[in-house]
Amino acid sequence: MTRVRPHLLALCVLSWLLGVAQARPFEDNRAQRVADAITEMDLAHAEQLLSESAEDSPVFGYERARLAVYSGACDRALAILSSPVLSETREGSQLSELAKSCARATAAGLVVEDAQRGIWLRLQDDEDRVLAPFLFDVAAQARDAISKEIGVDLPRPLRIDLVRDLFSLSAVSGLPLDAAETTGTLAVARWGRVTMLSPRAMTQGYPWQDTLAHEITHLLVTRATRDFAPLWLQEGLAKRFETRWREPRPFDQASWADAQARAAARGGRSVGIDKLGPSIAMLPTPEAAGTAFAEVTSFVHFFIEQNGEAGLRLLLGDLRGNGVAGADAALRSVTGYQLADWNRRWQTQLVAGNDAPLTDEKFAPPAPRSARDLARRARLAEILMGAARPASAAVELAPMLEAAPHSARLRAELARALFASHDDSGVGKVLGARTEIDNLYGPWFGLHGRVSKAQGDFTAADSDFTLGLAATPLSEDVACEGFSVQTDAVGDKPSLPERPAWRDLCEATRRLPRD
């Protein structure tokens, strides 16, 4: 699978996304009202409008099928679209193919709901049920926080599909598989819901919380503009809001977008906010996608800086009311300038800005010779841990800290070996502080939380566990709050968290097959 750089690819897709939603096979005012209600995800209103119409025309049949897709009932949509009157049209045929692949991928799906907070979650894999409480928390917090900033709410329930692999992501969303593989797509906001890869799909996890918030932003912007927001606005706002729903975290990079967009502009690698094509996910390389995300994020930040949040809301309102006239008309109405004018102003300021390093120099990778030695020692330590010889593993790992003192992974592996050796006294020093590590590595935070909790600092421990959950929820060090089968002596019963949701997550994580 394509390796994803989390701060660049929040991994979403939108774009072409709801393009089908605006394709109308027939012109009909009543059907248009139904279509608009569906696009805005007001499915209850769409259902009411359809029930009030006894007409059984192709246009209403198409909208009934589209409503079924938005509701997650792909099998029902497929049945409706089996009518030759619909299946022989271009739009009906396209929707039928999507409904067919979606119905197959979700045939055995398990639906769990948080009725109080209005969230509907369909799991392709029953083993992901333990993630539901955490998904519900993030989805509710992100939806409510971003709704306030954008000035529009989502009808309940918010629908989320959690799938096991990219094949299923493609089948449920309609995103071409090759595009998802090329750019490392993790989630898609389409058909009125979020379709997202399970964190178990990636060995090292991924920033699933910010990814979910990113996709929820797409749904909100689609609703606010009736899906007339141009791609640069959709993606720029999604990147802007994917982290604003929560408190700042270690390794958040406030100026990453400007720095990367400026480097691309000066190096002749700019994609261009007006040259994104149908979707960022369909750009030719991960590097191009990363540059595009940086550019739209930087541009939208510049636009809001110049026009304020009020200007953004006016733009969203203009797009909703007169989106058929195009984004340029809305921009001119709100600001007096068209996209080309804003693009020139942004680029002028961007290129004139000061260079800033994208990463701290102290976190630079070790020299090649050291890297080879690190890899050899790490593999030997892994073998020794598997052979229940943690003390020997610690001996191999300890010298590596001199070559890579800021490696969160190395520090975590050494701490784990010390715990397993029952040599806890030096674990705190080995782990170090957050300022001494190079990335948001889940197991480090799980183990650090264990140390904090043992010292009686429960606030710091909870913060550590929460950050670990955001990175790799299915790591045993995270889910089990720093304890693992390896870190306990043979015959001891591994510790379990006290909180029920965490206990379930821990037990499920320990059932996962390990290499």
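Small disclaimer: the values here were computed from a predicted structure and weren't measured.
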Check: Does a side-chain heavy-atom distance below 4.5 Å link F302 with D258?
Finding: no
Item checked: Reported CD-to-CZ distance for the pair E149 and R244, which is rounded to 0.5 angstrom -> 4.0 Å
Next item on the list: Sorted by first residue and then second, give each salt bridge (charged side-chain N to carboxylate O under 4.0 Å, His left out) pair with at least one member in residues 289-303; sequence neighbours left out.
Entry: none
Item checked: Under the side chain to side chain contact (heavy atoms under 4.5 Å, CB included) test, residues paired with T297 that sit two or more places apart -> K239, W256, A257
Notebook entry, point to check: Is there a side-chain contact between E47 and L67 (heavy atoms, below 4.5 Å)?
Noted result: yes
Item checked: Heavy-atom donor-acceptor pair, R159 side chain to S71 backbone, under 3.5 Å -> yes
Check: Hey, is the main chain of G468 close enough, under 3.5 Å, to the side chain of Y441 for a donor-acceptor pair?
Finding: no
Note to self: Assess, by modelled atom type and distance only, whether the side chains of D165 and S168 contain a donor and an acceptor separated by less than 3.5 Å.
What the structure shows: yes
Item checked: Heavy-atom side-chain proximity of L123 to R129 below 4.5 angstrom -> yes
Please output the side-chain donor-acceptor pairs of residues 76-86 that fall under 3.5 Å, not counting sequence neighbours, one pair per line with the distance.
{"from": "S82", "atom 1": "OG", "to": "A79", "atom 2": "O", "distance (Å)": "2.6"}
{"from": "S83", "atom 1": "OG", "to": "V85", "atom 2": "N", "distance (Å)": "3.4"}

Notebook entry, point to check: How about L162 and T195: do any of their side-chain heavy atoms sit closer than 4.5 Å?
Noted result: no
Check: Do any pairs count as a salt bridge (charged side-chain N to carboxylate O under 4.0 Å, His left out) and have a residue in residues 315-328, sequence neighbours left out, and if so which ones?
Finding: E40-R320
Notebook entry, point to check: Can you name the nearest heavy-atom pair linking D504 to V130, along with the distance?
Noted result: O-CG1, 3.6 Å
Next item on the list: Check the side chains of E476 and T509 for a donor-acceptor pair under 3.5 angstrom, ignoring hydrogens and angles.
Entry: no
Checklist line | Any donor-acceptor N/O pair, S51 side chain to Q48 backbone, under 3.5 Å | finding: yes
Next item on the list: Any salt bridge (charged side-chain N to carboxylate O under 4.0 Å, His left out) involving residues 329-338? Give me the pairs, sequence neighbours left out, ordered by first then second residue.
Entry: none
Item checked: Under the side chain to side chain contact (heavy atoms under 4.5 Å, CB included) test, residues paired with Q347 that sit two or more places apart -> N343
Notebook entry, point to check: Where do L219 and A189 come nearest, in terms of heavy atoms and distance?
Noted result: CD2-CB, 4.1 Å
Note to self: If you compare all heavy atoms of A289 against all heavy atoms of T183, which two are closest, and at what distance to 0.1 Å?
What the structure shows: CB-CG2, 4.0 Å
Check: Is it true that a side-chain atom of R223 and a backbone atom of D153 form a donor plus acceptor pair closer than 3.5 Å?
Finding: yes
Checklist line | D36 and R33: CA distance, side-chain angles, deciding distance, salt bridge (charged side-chain N to carboxylate O under 4.0 Å, His left out) verdict | finding: CA-CA 5 Å; D36 289 342; R33 290 169 57 204; over 6 Å; no
Next item on the list: Please check if the side chain of S270 supplies one atom and the backbone of A265 the other of a donor-acceptor pair under 3.5 Å.
Entry: no
Check: Is a side-chain N or O of T285 found less than 3.5 angstrom from the main chain of A288, in a donor-acceptor match?
Finding: yes
Next item on the list: Calculate, to the nearest 0.5 Å, the distance between atoms CZ and OG1 belonging to R122 and T106 respectively.
Entry: 4.0 Å
Margin query: Check whether T335 reaches the backbone of L331 with its side chain - one donor and one acceptor, N or O, closer than 3.5 Å.
Written below: yes
Notebook entry, point to check: When you look at W208 and L469, which way does the side-chain contact (heavy atoms from CB on, under 4.5 Å) test go after all the steps?
Noted result: CA-CA 9 Å; W208 63 273; L469 182 78; 4.3 Å; yes
Notebook entry, point to check: What orientation do H214 and H218 show, parallel under 30°, tilted 30 to 60°, or perpendicular over 60°?
Noted result: perpendicular
Margin query: What verdict does the side-chain contact (heavy atoms from CB on, under 4.5 Å) test give for N307 and V334, after you've listed the backbone C-alpha separation in whole Å, the side-chain angles of each residue and the deciding distance to 0.1 Å?
Written below: CA-CA 9 Å; N307 297 282; V334 172; 5.7 Å; no
Next item on the list: Taking side chain to side chain donor-acceptor pair (under 3.5 Å) as the test, write out the residues that go with D144, two or more places apart.
Entry: none
Checklist line | All side chain to side chain donor-acceptor pair (under 3.5 Å) counterparts of D128, not counting sequence neighbours | finding: S198, R200
Next item on the list: Please examine the side chains of W120 and L158, heavy atoms only from C-beta on, and report whether any two atoms are closer than 4.5 Å.
Entry: no
Notebook entry, point to check: What residues form a side chain to side chain donor-acceptor pair (under 3.5 Å) with D252, not counting sequence neighbours?
Noted result: R246
Checklist line | Set of side chain to side chain contact (heavy atoms under 4.5 Å, CB included) partners for A142, sequence neighbours left out | finding: I146, A213, I216, W245
Notebook entry, point to check: Side chain of S279, backbone of A281: donor and acceptor closer than 3.5 Å?
Noted result: yes
Checklist line | Evaluation steps, side-chain contact (heavy atoms from CB on, under 4.5 Å), between L440 and F445 | finding: CA-CA 8 Å; L440 189 65; F445 282 90; 3.4 Å; yes
Note to self: Quick check with a 6.0 Å cut-off and a 45 degree axis cone: is R193 positioned over the face of Y70's six-membered ring?
What the structure shows: no
Next item on the list: State whether R499 and E481 are salt-bridged, where the test is any N-O pair (Lys NZ or Arg NE/NH1/NH2 against Asp/Glu carboxylate O) under 4.0 Å.
Entry: yes
Check: Would you call R503-E498 a salt bridge at under 4.0 Å N-O?
Finding: no
Next item on the list: Kindly indicate, with the supporting measurements, whether the criterion ring-ring contact (aromatic ring centres under 6.0 Å, His included) is fulfilled by W502 and F134.
Entry: CA-CA 9 Å; W502 283 79; F134 306 100; 5.6 Å; yes
Next item on the list: Kindly compute the distance separating CG (D178) from OG (S170), expressed to the nearest 0.5 Å.
Entry: 8.5 Å
Notebook entry, point to check: Taking NZ, NE, NH1 and NH2 as the nitrogens, is one of them in E97 or K100 under 4.0 Å from a carboxylate oxygen of the other?
Noted result: yes
Check: Under a 4.5 Å cut-off applied to non-hydrogen side-chain atoms, are L474 and L505 in contact?
Finding: yes
Item checked: Heavy-atom side-chain contact between T472 and P443 under 4.5 Å -> yes
Item checked: Side chains of E52 and L49 in contact at under 4.5 Å (non-hydrogen atoms) -> yes
Note to self: Would L237 and I304 count as a side-chain contact (heavy atoms from CB on, under 4.5 Å) here? Give the steps.
What the structure shows: CA-CA 10 Å; L237 287 175; I304 295 175; 4.2 Å; yes
Checklist line | Set of residues satisfying side chain to side chain contact (heavy atoms under 4.5 Å, CB included) with respect to R117, sequence neighbours excluded | finding: D114, I119, F136, D137, A140, R143
Margin query: Between T225 and Q234, is there a side-chain donor-acceptor contact under 3.5 Å, judged purely by atom types and distance?
Written below: no
Check: Of all residues at least two apart in sequence or in a different chain, which pass the ring pair (Phe, Tyr, Trp, His ring centres under 6.0 Å) check with F303?
Finding: W342
Notebook entry, point to check: Does a donor on one side chain and an acceptor on the other come within less than 3.5 Å for S173 and W191?
Noted result: no
Notebook entry, point to check: Do the side chain of S463 and the main chain of T459 share a donor and acceptor less than 3.5 angstrom apart?
Noted result: no
Check: With a 3.5 Å cut-off and no angle check, do the side chains of Q209 and R249 form a donor-acceptor pair?
Finding: yes
Next item on the list: Specify the closest pair of heavy atoms between L98 and S101, including all atoms of both residues, with the distance to one decimal.
Entry: O-OG, 3.1 Å
Checklist line | Any donor-acceptor N/O pair, R266 side chain to A261 backbone, under 3.5 Å | finding: no
Next item on the list: State plainly whether the residues D341 and R344 are in salt-bridge range, i.e. N to O under 4.0 Å.
Entry: yes
